[in-house]
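Notes follow the structure.
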There are 2 protein chains.
Amino acid sequence: MAEVRNTDTRERILDVAERLFMAHGYDGTSMRQITGEAGVNLAAVNYHFGSKESLIQEVFRRRLDWLNEERMRVLDRLEAEAGGQPVKPSLIVDAFFGTLLRMAEDDARGGMTFLRLLGRTLTEPSEFIRAFLAHEYKVVMDRFKEALFRALPDVPKAEIVWRFHFMLGATSYAIAGTDALRLVTDWQIEEEDSVDRLDRLVPRLMSFLIGGLRAPLPQFDQSGR
Amino acid sequence: MAEVRNTDTRERILDVAERLFMAHGYDGTSMRQITGEAGVNLAAVNYHFGSKESLIQEVFRRRLDWLNEERMRVLDRLEAEAGGQPVKPSLIVDAFFGTLLRMAEDDARGGMTFLRLLGRTLTEPSEFIRAFLAHEYKVVMDRFKEALFRALPDVPKAEIVWRFHFMLGATSYAIAGTDALRLVTDWQIEEEDSVDRLDRLVPRLMSFLIGGLRAPLPQFDQSGR
DNA sequence: CCACAATTCATACGTTCGTTTGAATCATAA
DNA sequence: TTATGATTCAAACGAACGTATGAATTGTGG
């Protein structure tokens, strides 16, 4: 029996969809744009993926599976090296966010395109996309939260969760907004500090994240509660 | 001549549009949903605003005009009080982000709904929305950047712009994702630390932002330029 | 009260959307 | 070569989209 699987059409659709979803969002991208730019027939998406919803889920799964497994591997190694001791917070942060950012240098894994798509989608309006991402992220998030709890035993857990949240936001936005920023800020910054210098973005962002994570705890107003 | 202006229909459309754009995004919200929930005729939007594009611009303008003027007023006052001396960075950050967050307590100014809409829209895919926001923000952004340059004379300007960018992201995401976070983290945190406690979010976020802003400068790899 | 502008309304226009269909083409195993 | 399943294709479907129209209704100044 012939059960081949033409991966060429599939991959070309996924690549184009990834780029268009990044540029115009889920609702803003039509099947006709995708199939048109991919040079395949309109019906190909429904044939290979079933529906537009399944398509974007596959767009994410293709990249996220590797990313989150890699994050787990890195954290595994860090915890093994620490031998029972808590892992340094900066190393945990790098395992999560650094691994993500270093994906951008790897075009075979989506590079900047997927990173920016992911950054945008964390505030995506579509309900089913948020639910899907939440499910995909659940295990790895819990794991990293636990690691941070152990690494920062003196910081209230609620505070750690909040700051993890803040870090996620800073990172998403730093990635997703790289060209929106150009519009907003109109910065006259020397060439070598341009947004494209990804190798400088990583240490920059990492300094900011660690600074925020280790900031003095907030003093709540006496009126609080 | 009768040039009345029925503000009731206009306002009701704006309120509903604000909420629906927040929940489902620009492309994900139809004119029929808006007019239906607002209890007005389908043609009312085109009559009062001209088009869907003009409608969302008015949704933003209605809130942003006051917000950015208030930010300027606060910064004016801070600089006057400093009398020529640079203003403390934490005060500048509070003038920008604190003023934004305190809007959420003011339902007459949109409250949380507008805040979350704004948070989401900073990574909005639609080209004309990004362009519109960039234009609306240009003046106030330049002003605050200048204030930070003076407040942190030893920090390279490029670094400050980056960190301002990171702060924007952390704040946007903290606001926009308040219920997406519930999905992702599934945190078992005591009642009083719930997301709804906005009065605690402000000092929490502010500590994080200041910590990030004042973090040690990043060390670039020897390989980098 | 009348005249006229402002507003509301039901309805329709043309387009684009995601999806489906059934035939045509391709590739492979027997 | 032939049979069979995998894939591609052109065409069409009904639904929903943003917008436009012209008549009906409302409100107000003269």
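So you know, we letter chains A, B, ... as the sequences are listed, proteins then strands, and number each from 1. In what follows, every heavy atom counts, from backbone to side chain, and hydrogens, waters and symmetry copies are set aside.
- The separation between L20(B) atom CG and dC17(D) atom P is 12 Å, rounded to whole Å.
- To the nearest angstrom, P of dT7(D) lies 12 Å from CD1 of I13(A).
- The CG-C1' distance, from N41(B) to dT21(D), rounds to 12 Å in whole Å.
- As a whole-Å value, the separation of F128(B) CZ from dG18(D) C1' is 13 Å.
- Taking the ring centre of F96(B) as origin, the terminal cationic atom of R71(B) falls inside the region bounded by 6.0 Å and 45° from the ring axis.
- Ring centers of F208(B) and F166(B): at least 6.0 Å apart, outside the cut-off.
- You'll find that the side chain of A43(A) is closest to dC9(D), out of dA12(C), dC9(D), dT8(C).
- Contact between the side-chain N/O atoms of H48(A) and the OP1/OP2 oxygens of dT8(D) is found at a separation under 4.0 Å.
- A search for salt bridge (Lys or Arg N to Asp or Glu O under 4.0 Å) contacts involving R32(B) returns nothing, not counting sequence neighbours.
- Between F60(A) and F132(A), the two ring planes are tilted [angle within 30° to 60°].
- The separation between N46(B) atom CG and dA10(C) atom P is 16 Å, rounded to whole Å.
- The separation between L42(A) atom CG and dT20(C) atom P is 12 Å, rounded to whole Å.
- Look at T9(A) and you'll find a side-chain N or O under 4.0 angstrom from OP1 or OP2 of dT8(D).
- The nearest heavy atom of DNA chain D to R32(A) and to Y47(A) marks one nucleotide each, and the one closer to the 5' end goes with Y47(A).
- The nearest whole Å value for the distance from the CG atom in L55(B) to the C1' atom in dT19(D) is 14 Å.
- For the pair E11(B) CD and dT7(C) C1', the computed distance is 16 Å after rounding to whole Å.
- Nucleic acid contact for T35(B): none, since no nucleic acid atom lies under 4.0 Å from a heavy atom of the residue.
- Residue S30(B) places at least one side-chain N or O under 4.0 Å from the OP1 or OP2 atom of dC17(D).
- Closest non-hydrogen pair, D65(A) versus E136(A), comes out as OD1-OE1, 3.6 Å.
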